[in-house]
Chemist: 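Structure below; questions to follow.
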Number of protein chains: 2
Amino acid sequence: MAIKYDTLVTQSLAKQIAENLREAILDGRLKVDQRLPTEEELAARFSVSRPTIREALKRLAAQNLVRSRRGPAGGTFITRPSDAELRVTLQNATTLMVTLGEFDIDAITEARLELERLCLKLAVERRQPEHLQRMADELQRQREPVSDEEFCAADVRFHRALVDATANPVLQFNMVTVIEALQPLMNMIANRTREREVIVDHHQRLLDAVSASELPAAEKALTGLVDYLRQQYQLARERQAARG
Amino acid sequence: MAIKYDTLVTQSLAKQIAENLREAILDGRLKVDQRLPTEEELAARFSVSRPTIREALKRLAAQNLVRSRRGPAGGTFITRPSDAELRVTLQNATTLMVTLGEFDIDAITEARLELERLCLKLAVERRQPEHLQRMADELQRQREPVSDEEFCAADVRFHRALVDATANPVLQFNMVTVIEALQPLMNMIANRTREREVIVDHHQRLLDAVSASELPAAEKALTGLVDYLRQQYQLARERQAARG
DNA sequence: TAAGTTAATTTGTCAAACAAATAGAAAAAT
DNA sequence: ATTTTTCTATTTGTTTGACAAATTAACTTA
């Protein structure tokens, strides 16, 4: 007769406890700002030692699901990660996917073009003066003699303003993968002065078209920009290959 | 004279060490599968105790950045999170955004429609027999008298097959937010038998159109599906409001 | 009443030890 | 000689116990 073993629990106690609490938090059984029992009480409750409980809590803290304070009114409190923290999570996950080598430049280029074009469609209809102003500000900054890092940051903020103009928070969140994670990788190569001018030109055309609510012109500017970046990337790759 | 304090480090030692190691991993200074020193050596290196090192490592383990094994050939090893793990991260982050209340149903519906339509465009051109087969299999499953959970899972897998047909790994990854995270929320309400039939009908039309590479018909089917789900959601809300 | 002081509580950190798993070496059996 | 078993050393997992640091609340004092 075949023996049916229990699903043998070889995971560490701390991991199990963390999962346990995690589910309770996500299910809503533990509510935001609610205070957990003290570490000692938790240790007693789960029949483990305090350091084990601490390890479990640290796992949750790494996910921004709990926060601890010292003192009599202190303790460990349930928190929901903030919008900003979740965006960083998204950004990190996408960056890791790139370093995993799952994405090639063509896939990245295509996805960026398609996704940002989608946003463009909504943005030309809904953009407010605020968004145009933000884009103009960043464009101005890109014309100044700033560092590579600052140019790239201004570039990101320019496209972020465009995405924000869609007035759709789901898209705004989703586009973190493209704007904050993938885009910086794309123009890491295109940072020399000559290339900056070309990029700035494309940005200017994009802004003009969005200001005038001319979708075809805007799409043309975006396509031009993305195509240019892909070309530059290819050139950089070939140069690198020629050297190596 | 104004005193310039050191940037006072009030963060816990474990957190600082975790950040330290985390950056080293993401920068590539620590390479995949590389073994970290033993916990004792790390403790000595950072001049802290072993439990403190352990807390730091657990924070990293929670992000799937390290993994530990016991034994002589054991230790703590650098790992890159897998594709699957990163997708779960994306899914969880999106789900948390919903519970944060940042997204309303109209924004979700609009984003889903636009994003999935984008995928549809590519899928119609590139879909392979494999994808059509997967969609057909899931559609068949949706016609069987399965549980709500299983129907929803089949629904997710149906749309996942569609997204996979885009042959673009960046989009496939990005769409986790829509397919695995948002979509289940949308049809949590539409689970009665009558409503299943309508959904299955839309799916059938969608599959037929993709099979025949007819984009307009496919878009129409998708729009019909999403509109129907939004209506159902509104109805459920009104019913709930009438009760309360 | 208001300010400063003290005490209590809770997390943060440390130290030392044992348990459990595991790989490799050594020993035993075939 | 080869295979299997046993043993041992190493490393993480867990426990116990203690003290440090931060912070609140009560208490004291002016």
Side-chain angles (χ1 to χ4, degrees), chain A residues 5-22 24-25 30 32-79, chain B residues 5-22 24-25 30-79 81:
Chain A
Y5 289 99
D6 280 6
T7 52
L8 54 123
V9 185
T10 182
Q11 283 189 328
S12 77
L13 288 175
K15 190 164 188 176
Q16 293 174 56
I17 293 167
E19 271 308 307
N20 206 315
L21 291 173
R22 187 165 185 284
I25 295 171
L30 294 174
V32 177
D33 289 335
Q34 186 177 337
R35 187 187 139 158
L36 286 177
T38 67
E39 295 179 349
E40 273 186 75
E41 283 168 346
L42 281 174
R45 176 104 47 109
F46 284 100
S47 303
V48 297
S49 69
R50 214 188 121 206
T52 302
I53 286 292
R54 282 183 64 73
E55 286 193 9
L57 292 178
K58 290 322 152 195
R59 294 182 100 101
L60 297 175
Q63 303 170 63
N64 293 310
L65 288 172
V66 301
R67 201 156 304 195
S68 297
R69 279 202 313 274
R70 286 200 269 211
T76 302
F77 298 86
I78 307 297
T79 68
Chain B
Y5 290 98
D6 280 6
T7 52
L8 55 122
V9 184
T10 183
Q11 283 190 327
S12 77
L13 288 174
K15 191 164 186 176
Q16 293 173 57
I17 292 167
E19 271 310 306
N20 206 317
L21 291 172
R22 188 167 185 283
I25 294 171
L30 293 174
K31 287 174 192 161
V32 177
D33 288 334
Q34 185 177 337
R35 186 186 139 158
L36 287 176
T38 67
E39 294 179 349
E40 272 186 75
E41 283 168 347
L42 282 173
R45 177 105 46 109
F46 285 100
S47 304
V48 296
S49 71
R50 215 187 122 204
T52 302
I53 286 292
R54 282 182 64 73
E55 285 194 9
L57 292 179
K58 290 323 153 198
R59 296 182 100 100
L60 297 175
Q63 302 169 63
N64 294 310
L65 287 172
V66 301
R67 200 156 307 193
S68 297
R69 279 204 312 273
R70 287 199 268 210
T76 303
F77 298 85
I78 308 297
T79 67

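Order of the sequence lines fixes the chain letters, A, B, ..., with proteins taken first and strands second; residue numbering starts at 1 for each chain. Only heavy atoms go into these numbers, but all of them, side chains included; no hydrogens, no water, no symmetry mates.
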Chemist: Which heavy atom in A/Arg35 sits nearest to a heavy atom in A/Gly74, and how many Å separate them?
Modeler: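 That closest heavy-atom pairing would be NH1-O, 3.0 Å.
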
Chemist: With a 3.5 Å cut-off and sequence neighbours excluded, list the donor-acceptor pairs that the side chains of residues 59-67 of chain B form with protein atoms.
Modeler:
from    : atom 1 : to      : atom 2 : distance (Å)
B/Gln63 : OE1    : B/Arg22 : NE     : 2.8
B/Gln63 : NE2    : B/Arg59 : O      : 3.2
B/Arg67 : NH2    : B/Glu85 : OE2    : 3.3

Chemist: Would you mind writing out the side-chain donor-acceptor pairs for residues 37-45 of chain B within the sub-3.5 Å range, not counting sequence neighbours?
Modeler:
from    : atom 1 : to      : atom 2 : distance (Å)
B/Thr38 : OG1    : B/Glu41 : N      : 3.3
B/Glu39 : OE1    : B/Arg50 : NE     : 2.8
B/Glu39 : OE1    : B/Arg50 : NH2    : 2.9
B/Glu39 : OE1    : B/Arg54 : NH1    : 3.3
B/Glu39 : OE2    : B/Arg54 : NH1    : 2.9
B/Glu41 : OE1    : B/Thr38 : N      : 3.2

Chemist: Sequence neighbours left out, what passes side-chain contact (heavy atoms from CB on, under 4.5 Å) with A/Ala24? Give chain and number order.
Modeler: A/Arg29, A/Leu30

Chemist: If an axis is fit to five pairs at each end of the helix from C/dT1-D/dA30 to C/dT30-D/dA1, what is the angle between the two, to the nearest 10°?
Modeler: 10°

Chemist: In whole Å, what is the span from the CD atom of A/Glu40 to the P atom of D/dT15?
Modeler: 14 Å

Chemist: Please list residues of residues 56-68 of chain B whose heavy atoms come under 4.0 Å from any atom in DNA chain C, ordered by number; otherwise none.
Modeler: none

Chemist: Just wondering, do B/Glu55 and B/Ser49 contact through their side chains at under 4.5 Å, heavy atoms?
Modeler: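 Heavy-atom side-chain distance check fails, nothing below 4.5 Å.
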
Chemist: Expressed as a whole number of angstroms, how long is the span from B/Ile17:CD1 to C/dG12:C1'?
Modeler: 12 Å

Chemist: Rounded to the Å, how far apart are A/Glu39 CD and D/dT16 P?
Modeler: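 In whole Å, D/dT16 P and A/Glu39 CD are 15 Å from each other.
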
Chemist: Does B/Thr79 have any side chain to side chain donor-acceptor pair (under 3.5 Å) partners at least two apart in sequence or in another chain, and if so, which?
Modeler: none

Chemist: Protein-nucleotides 5-10 of chain D N/O pairs closer than 3.5 Å?
Modeler:
from   : atom 1 : to      : atom 2 : distance (Å)
D/dT10 : O2     : B/Pro72 : N      : 3.2

Chemist: Heavy atom of residues 46-54 of chain B under 4.0 Å from DNA chain D: which residues?
Modeler: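 Hits under 4.0 Å, by residue number: B/Arg50, B/Arg54.
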
Chemist: Please give, in whole Å, the distance from C/dT11 P to A/Glu55 CD?
Modeler: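 In whole Å, C/dT11 P and A/Glu55 CD are 16 Å from each other.
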
Chemist: Starting at CD1 of B/Ile17, measure out to CG of B/Leu57 and round the result to the nearest 0.5 Å.
Modeler: 9.0 Å

Chemist: Pick the nucleotide of DNA chain D nearest each of B/Arg69 and A/Gly74; which residue has the one closer to the 5' end?
Modeler: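 Taking each residue's closest nucleotide, the earlier one in sequence belongs to B/Arg69.
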
Chemist: To the nearest Å, how far apart are A/Leu13 CG and D/dT12 P?
Modeler: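 After rounding, the reported distance stands at 18 Å.
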
Chemist: How close or far is atom P of D/dT12 from atom NZ of A/Lys15, stated in whole angstroms?
Modeler: 16 Å

Chemist: Taking the side chain as everything from C-beta on, heavy atoms only, tell me whether B/Asn20 gets closer than 4.5 Å to B/Phe46.
Modeler: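 In short, these two side chains touch, coming nearer than 4.5 Å.
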
